[in-house]
Amino acid sequence: MTTPLPQLAAQLRAGLDPVLPLLAGLPDDATRRQRLAQGLGLPGGALTPDALLVRLALPDAGSHGDVWSVLVELLRTAVGQAPPGWQLAIKDVLTVGPGPVPVPAVTALPPTIDLSFDLTGALSLVPGLAVRDGISLVLSLPSATPDDCSLAFRADGIALTLTGDDLLGLLVPGGLAVKGRLGVRLDKNGLRLEGGAAGKGVAIPLNQVPSVLRAPALHVSVRDGGLRLDTSFRASLLGIGEATVDGAGLEVRPSGGGFTATPVMPTGFGLALAVGPAKGGGFLAAHDGRYEGALSLSLGIVEVRAFGILDTRPVSVLVVLSALFTPPIELGLAVTLNAVGGIVGVGRALDRAGLAQVVQAGHVDDLLFPADPVAAAPRVLAELGAVFPARPGSTVVGPMFRIGWGRPVSFLTADIGVVLELPGGVVGILGRLRVALPAPQAPVLDLRASVAGVVDAANGLVEIVADLAGSRLLTASIAGGLALRVKSGQDATFVLSAGGFHPRFTPPDGFPTPKRLTIAIADSPLLHIVFSGYFALTPGTVQAGAELSAVIGSRGTGVTGRLTFDALVRWEPSFGVQLDLSGSFELRFASKTLCSLGLRVHVDGPTPCWHVAGRAGVSFLFFDVSFPFDERWDCSGETDLPPLPDVRRLLEQALDDPRNWEPVLPDGARTMASLGADDAAGGRLLHPLGRPRFSQRIVPLGIEVAKYGPGRLPRPTAFDVTVTFAGGAGTAQPVTADFARADFFDLTDDEKLTQPAFEQFRSGSELTPPAPAVTAPAYSVPVEYETKWLGGPVSTPKPPWRITDAAFLAALPFGAVGRSLVHELRERYVSPPITTPDKPVLKDRSYAIVPTGTLKEAGFARTNTFTEATAQLRTVSGRSALHQVVPAYEVRP
């Protein structure tokens, strides 16, 4: 049914309003039942469970609603075959069931209606699938705001029973029988499912399972118009090992106006055995053209582990191998080699976002050396597939090591993996460090750090993510994370964060914001003290913050307190701090506040003066008192400036520095030789048709700057450098480079937090020489060869001989260069392809000035940098406050 929920609510209210006053005067029960069914809008005018299910089915439930719609059809079929007990109730108005329709308690609907429909008792849907404890549907109808209505569905005791399978009989004597509940709620915020959705479908929370099962799970999903129920669990096998089963279940399909059920064999099976000195196990799964497997085998001194994924659409292979040594191999100085391994993937690539998620979840050890490979095989294989997704034409390969230090056992272990992605050249670094003192078996300090990094030289990117999941000091947990990104190019940036950022700072897109650095100082039922903090560094800011919270007793009866601060530190034109402090104290009894204190303080200084502002408040029973404060002192207005920089002299030195000059090959040139330095001249060689390029990083050219690093210029000044050939011949094209804006422009603390940290400004010029004259002289060099004898009797040296032009051209294809793979493929030294209109192109970034209210073009010219746009905005007389600078892609048509 596709009627929107608010419309359904309005229809039910409109139908019931005129019917209720009439029910008491109708002559017989059949007439009252028919009129009530008509008021509810039931199909066929019959007040039956089947008709009520059709009327109250979830409307517009989307993809997850498909599960509900199929389940409704199953319920209707089961209700038609064996009618259960049922009841329809309108709270404080009417309750009706299979018996006579009673007279309503009131003749008018109240402002808020709760309409509930219940099916009681056990209901068999298909063989092997039943609802044991009843079903309820509750529709809440607010009168004034029908958009706030909600529909809740709950099926208690959904029971799946599988019997007759020999394998399940060995693991679960008497057959597999699990029982759970399915809850759904639909309102204006959308559809929500109890248990949530996973890759296998909707998870059903379980409340009754056989005692022999461990880690059981049940999922339901739509499959070919029917339902698929999948279970996974672990159980003992004949007392000699443990088996992991995944995918065993039931498939329910529509058939001949009804439904049929077919048991499904497991799609995944794991086994762990211990027989004599050999211990080990494995896992194998197949699903939709993908084959996944895991193996662990211990033979005393060495333990071999392997994970593999084979995809057939498209074809790709990923294999992870490792070998653990017991005892470890001694390397000297108490350093041991505990394990070695490697990763090989054909048709696989490295995904940075997936790698960061695995680190922040604390599961890097799953990619390196998992502790229990058989039991964790499904999770490890899923994480391997996420970190190394299929990508045709790409290959990943790299080694892994586990190094230990300490005697008699390694209390410090480091897992290291280096993965190279080809042909892109991206390098991934995986690491895990554990420090367990005094011993890993009973540590007082257990520090576990997971680290992952990516080095992408082609795109100028270095990114590192770290996490402290699972760390403890005595009984106190330690958590937190660190992230670093260094990026050059058009979107250049530098961001370092340990524990997060200042609340007003917006991190770069895709930056994995680390978890707060947190330590639970005390964690008991009557005393809970937690400290957390962060530190971040960007080109324009230094950020720091911390929070200390305490609960004595409970939050309902006890004392709670909280202290926080957030700080921004600036270094130019002189040292200064912006500090926000807040604190609160509350005394509660029986969930009632008896006394509370609150304080907020903002501190800014020391230049041009110290400034403190804020508000303090006290509350006691029914009295509230608060007062603001705003004070300034030491307002000298003087700032100790560093010595003025001589930027002009620095530019002159940059012109004389050979490192700022670069020879550029002509467009489309293919060369098999590199040009080295001319030792005699002390310079660099230039291709005869090439171009010289000058680029410096001292100061942006052609734009006014107010600062140079920590020093301030006497007045805003624009610097420029002109580079030409002798006599002004040839042409010059501008060259750009990345500059940190905070080093050259006056930015407030808020602007440092919210505006681009780096932008590309002109840094020099690239010179194109004039075209050669038609009468330019041509030089011809003869090709001469000499003959040498290798081995045999010494022969008299032959004089050099000259090859003819015709013979030279005929021999070229058979030389070493002509026969090389690079020359045959012509892929490395060819000109870039001409972009066609039907292919996507990443446009250069630009900015626009738009009215704040509409974000539409207002006649201002677009600029290439944010700085140029803000300078243009300052020239808008009297209207600058009504406009703002936005990236061009945010401009509305």
Side-chain angles (χ1 to χ4, degrees), residues 1-59 68-69 71-125 130-131 133-143 146 149 151-156 257-259:
M1 187 172 182
T2 59
T3 303
L5 186 57
Q7 184 177 347
L8 173 64
Q11 290 175 355
L12 291 174
R13 175 175 288 280
L16 289 171
D17 271 329
V19 169
L20 290 179
L22 302 177
L23 290 180
L26 294 177
D28 53 54
D29 181 71
T31 306
R32 287 197 298 270
R33 183 175 294 274
Q34 183 179 12
R35 291 301 301 271
L36 182 58
Q38 292 173 353
L40 291 170
L42 299 183
L47 187 61
T48 62
D50 179 78
L52 287 168
L53 282 173
V54 174
R55 182 60 169 155
L56 298 178
L58 287 180
W68 166 235
S69 63
L71 188 56
V72 167
E73 291 301 319
L74 273 171
L75 291 172
R76 290 183 59 195
T77 302
V79 167
Q81 295 173 352
W86 64 276
Q87 177 179 281
L88 176 68
I90 304 174
K91 187 178 180 181
D92 300 329
V93 177
L94 178 68
T95 300
V96 62
V101 177
V103 176
V106 297
T107 59
L109 290 175
T112 300
I113 303 174
D114 285 333
L115 187 151
S116 61
F117 170 59
D118 298 286
L119 294 174
T120 58
L123 188 63
S124 177
L125 304 181
V131 179
D133 302 329
I135 293 173
S136 65
L137 270 164
V138 179
L139 179 63
S140 298
L141 313 173
S143 59
C149 62
L151 179 62
F153 163 78
R154 186 179 181 91
D156 288 317
F259 291 87

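No hydrogens, no waters, no symmetry mates; every other heavy atom, side chains included, goes into these values. Everything numeric in this text was worked out from a predicted model, so none of it was measured.
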Margin query: Donor-acceptor check, side chain of R35 to backbone of L20, threshold 3.5 angstrom: yes or no?
Written below: no
Check: Should S116 and L137 count as side-chain neighbours, where that means a heavy-atom distance under 4.5 Å?
Finding: no
Check: Out of curiosity, L40 CG to L12 CG, how far, rounded to the nearest 0.5 Å?
Finding: 6.5 Å
Next item on the list: Kindly determine whether L52 and L42 satisfy side chain to side chain contact (heavy atoms under 4.5 Å, CB included), including the steps that lead there.
Entry: CA-CA 7 Å; L52 287 168; L42 299 183; 3.7 Å; yes
Margin query: I need the Q34 CD to D28 CG distance, nearest 0.5 Å.
Written below: 9.5 Å
Notebook entry, point to check: What is the distance from atom OG1 of T31 to atom CG of L22, rounded to the nearest 0.5 Å?
Noted result: 12.0 Å
Next item on the list: Going by the side chain to side chain contact (heavy atoms under 4.5 Å, CB included) test, name the single residue among D114, I113, T112, L115 that passes it with S140.
Entry: D114
Item checked: Shortest non-hydrogen contact from T95 toward P102 -> O-CG, 3.1 Å
Check: Is there side-chain contact between L125 and V131, with heavy atoms separated by less than 4.5 Å?
Finding: yes
Note to self: Would you compute the distance between atom CG of L16 and atom CD of Q11 and round it to the nearest 0.5 angstrom?
What the structure shows: 11.5 Å
Item checked: Shortest non-hydrogen contact from C149 toward A9 -> SG-CB, 3.9 Å
Checklist line | Non-hydrogen atoms of L141 and R13 that approach each other most closely | finding: O-NH2, 3.5 Å
Check: Does the pair F153 and I135 meet the rule for a side chain to side chain contact (heavy atoms under 4.5 Å, CB included), with working shown?
Finding: CA-CA 8 Å; F153 163 78; I135 293 173; 3.4 Å; yes
Check: Is there a side-chain contact between W86 and L88 (heavy atoms, below 4.5 Å)?
Finding: yes
Next item on the list: Enter the distance from L47:CG to L36:CG here, rounded to the nearest 0.5 Å.
Entry: 5.5 Å
Notebook entry, point to check: Is the side chain of S136 donor-acceptor paired with the backbone N or O of D118 at a distance under 3.5 Å, no angle test?
Noted result: no
